[in-house]
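Atoms within each ligand, like the ligands themselves, are counted from 1 in listed order. Bear in mind that the values here come from a model prediction, so they are computed numbers and not experimental data. Numbers for residues simply follow the sequence, beginning at 1.
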Amino acid sequence: MQGRPKGNLFVLSGPSGTGKGTLRKILFERVPGIEFSISCTTREPRDDEKDGVDYRFITEREFRARLDDGEFLEHAFVHGYYYGTLRSDVVRALESGRDIMLEIDVQGALQVRAAMPESRLIFVSPPSFEELEHRLRDRGTETEERLRVRLHNARLEMEQSCKYDHVIINDRADRAADELTRIVLAYRDADKRPGGASHETL
Ligand code: ADP
Ligand code: 5GP
């Protein structure tokens with residue numbers, strides 16, 4: 001018996017401040033039928049962030065309890081905090097035929113690929129480190145100390161970009177969002193063809 005077609009699992013990574021959230025929001029305005037995986041995190045919310053919308057903000061104690069219960073598809077310690085993706089969110093979306101996008105770090109992305117090899121890994125790169133620092137400073141969400149940690153980690157994350165299926169350079173947001181949209185829609189189209197999608201063919 002043929003089941004309902006499964007959705008695509010997209011993973012979006014890249015250094016903090018590179019523009020992942022910006023591109024994802026533009027994509028979601030354009031492309032229906034894709035949902036955002038709301039991660040759990042132990043970091044505190046920023047002024048414009050809402051619990052249950054941007055993240056599930058939880059204590060370290062709750063994070064550990066969920067980890068012990070095997071609730072996370074992947075998790076990592078990033079820039080001094082714990083972050084994790086709930087397996088149930090991902091399974092629910094895919095089983096009901098909806099696409100889901102995870103916005104997670106490189107460590108998490110590689111865990112997802114190991115667990116679900118059919119996942120599509122997309123890396124968002126800044127045009128330069130100078131521009132990355134400029135964007136992070138301009139966003140105004142980090143203390144100087146946290147900014148230093150994020151910029152240091154950015155170099156380590158950039159070294160892993162070759163492990164991704166696609167690398168998008170976020171020079172201009174509208175152009176980069178076009179590229180992201182094309183990638184997502186191409187996988188959807190390819191799914192409809194016999195043999196399905198492979199990133200080599202896109
Ligand atoms: P991330 O989600 O990767 O941490 P954000 O989406 O929060 O990054 O973007 C970081 C900052 O850079 C934000 O202030 C955003 O408005 C800005 N930004 C994003 N993309 C661009 C771009 N292409 N050009 C200039 N600024 C950008
Ligand atoms: P921020 O604190 O700026 O929202 O996110 C910091 C970093 O943590 C970013 O690289 C972001 O992609 C990553 N991140 C967010 N959620 C998750 C998650 O559930 N798992 C992992 N591994 N990383 C995450």
Side-chain angles (χ1 to χ4, degrees), residues 9-29 36-58 62-63 66-67 71-90 100-116 119 121-143 145-158 160-161 164 167-180:
L9 196 172
F10 295 103
V11 174
L12 204 59
S13 301
S16 178
T18 194
K20 300 178 295 294
T22 304
L23 300 187
R24 188 243 310 160
K25 281 171 192 153
I26 300 173
L27 172 77
F28 277 40
E29 281 166 14
F36 173 57
S37 159
I38 304 168
S39 296
C40 294
T41 182
T42 60
R43 87 152 161 73
E44 69 281 11
R46 297 176 185 140
D47 288 345
D48 62 341
E49 287 179 329
K50 287 196 183 62
D51 187 32
V53 176
D54 301 286
Y55 281 105
R56 294 171 167 106
F57 295 98
I58 62 175
E62 186 179 348
F63 195 97
R66 285 175 174 251
L67 185 60
E71 288 188 30
F72 292 120
L73 171 63
E74 64 74 34
H75 74 283
F77 190 66
V78 193
H79 313 321
Y81 302 94
Y82 289 98
Y83 294 82
T85 303
L86 290 177
R87 189 189 308 275
S88 55
D89 286 351
V90 173
I100 186 163
M101 182 164 276
L102 279 53
E103 215 178 289
I104 64 176
D105 89 315
V106 170
Q107 308 168 72
L110 298 179
Q111 291 173 41
V112 171
R113 164 166 281 164
M116 304 175 99
S119 51
L121 270 53
I122 306 166
F123 193 92
V124 181
S125 173
S128 66
F129 283 108
E130 291 71 26
E131 174 63 16
L132 180 69
E133 179 164 356
H134 182 70
R135 285 183 194 172
L136 257 185
R137 284 192 186 283
D138 254 23
R139 191 171 73 184
T141 52
E142 311 306 319
T143 60
E145 190 189 341
R146 288 181 6 178
L147 197 113
R148 288 283 138 223
V149 171
R150 284 172 184 247
L151 290 174
H152 172 77
N153 291 341
R155 294 186 183 269
L156 305 176
E157 288 175 88
M158 290 291 289
Q160 308 279 334
S161 64
Y164 282 66
V167 177
I168 298 175
I169 297 175
N170 182 16
D171 40 14
R172 282 195 1 252
D174 55 347
R175 193 212 60 77
D178 284 349
E179 204 176 326
L180 179 60

Check step by step if side chain to side chain donor-acceptor pair (under 3.5 Å) holds for Arg43 and Thr41. CA-CA 6 Å; Arg43 87 152 161 73; Thr41 182; 5.1 Å; no
Distance to 0.1 Å, residue and atom name: give those for the protein heavy atom nearest to atom 20 (N) of ligand 2. Glu74 OE2, 2.7 Å
Just wondering, do Glu133 and Arg148 contact through their side chains at under 4.5 Å, heavy atoms? yes
Glu157 to ligand 2: N or O pair under 3.5 Å? no
Test Glu179 against Leu23 for side chain to side chain contact (heavy atoms under 4.5 Å, CB included), laying out the working first. CA-CA 10 Å; Glu179 204 176 326; Leu23 300 187; over 6 Å; no
Find all atoms of ligand 1 within a distance of less than 4.0 Å from any non-hydrogen atom belonging to Pro15, and give their numbers and elements. 3 (O)
Looking only at protein heavy atoms, which one is nearest to atom 13 (C) of ligand 2, and how far off is it? Asp105 N, 3.7 Å
Location of contacts on Asp171 toward ligand 1, heavy atoms closer than 4.0 Å: backbone
When you compare ligand 1 with Arg139, is there at least one nitrogen or oxygen pair between them that comes in under 3.5 angstrom? yes
Logged contact type for Ala176 with ligand 1, heavy-atom cut-off 4.0 Å, is neither
Numbered in order shown, the ligand 2 atoms found under 4.0 Å of a heavy atom of Gly84 are 18 (C), 19 (O), 20 (N)
Numbered in order shown, the ligand 2 atoms found under 4.0 Å of a heavy atom of Thr85 are 19 (O)
Give me the nearest non-hydrogen protein atom to atom 5 (O) of ligand 2 as residue plus atom name, then the distance to 0.1 Å. Tyr55 OH, 3.4 Å
Polar atom proximity, Arg43 to ligand 2 (N or O, under 3.5 Å): yes
Out of all atoms in ligand 2, which are within 4.0 Å of some heavy atom of Ser39? Include the element for each. 16 (N), 17 (C), 18 (C), 19 (O)
Under a heavy-atom criterion of less than 4.0 Å, does Arg46 contact ligand 2? yes
Among all protein heavy atoms, pick out the one at the shortest distance from atom 26 (N) of ligand 1; state its residue, atom name and that distance to 0.1 Å. Arg135 NE, 3.5 Å
Counting only heavy atoms not in Glu44, do more than 12 sit closer than 6.0 Å to its CD atom? yes
Which of the atoms in ligand 1, numbered in the order shown and given with their element, are less than 4.0 Å from a heavy-atom of Arg172? 23 (N)
Of the backbone atoms (N, CA, C, O) and the side-chain heavy atoms from C-beta on, which set of Gln111 has a member under 4.0 Å from an atom of ligand 2: side chain, backbone, both, or neither? neither
Under 4.0 Å to a heavy atom of Gly108 - the qualifying atoms of ligand 2, by number: 22 (N)
Is Asn170 in contact with ligand 1, taking contact as a heavy-atom separation below 4.0 Å? yes
Which residue and atom name correspond to the protein heavy atom nearest atom 7 (C) of ligand 2, and how close is it? Val78 CG1, 3.8 Å
My understanding is that we take every heavy atom of each candidate and find the minimum distance to atom 10 (C) of ligand 1. Doing that for Gly17, Gly140, Pro127, which one comes out nearest? Gly17
Considering non-hydrogen atoms of the protein only, which is the closest contact for atom 11 (C) of ligand 2, and what is the distance? Glu103 O, 4.0 Å
Does the residue Lys20 have a heavy-atom contact with ligand 2, meaning some pair of atoms that are separated by less than 4.0 Å? yes
Which atoms of ligand 2 have any heavy atom of Ala76 under 4.0 Å away? 22 (N)
Are any of the heavy atoms in Phe72 under 4.0 Å away from ligand 2? no
What atoms in ligand 1 come closer than 4.0 Å to a heavy atom of Ala173? 23 (N)
Going by the atom numbers of ligand 2, which of them fall below 4.0 Å from some non-hydrogen atom of Arg150? 1 (P), 2 (O), 3 (O), 6 (C)
Heavy-atom distances under 4.0 Å decide this one: backbone, side chain, both or neither, for Glu49 against ligand 2? neither
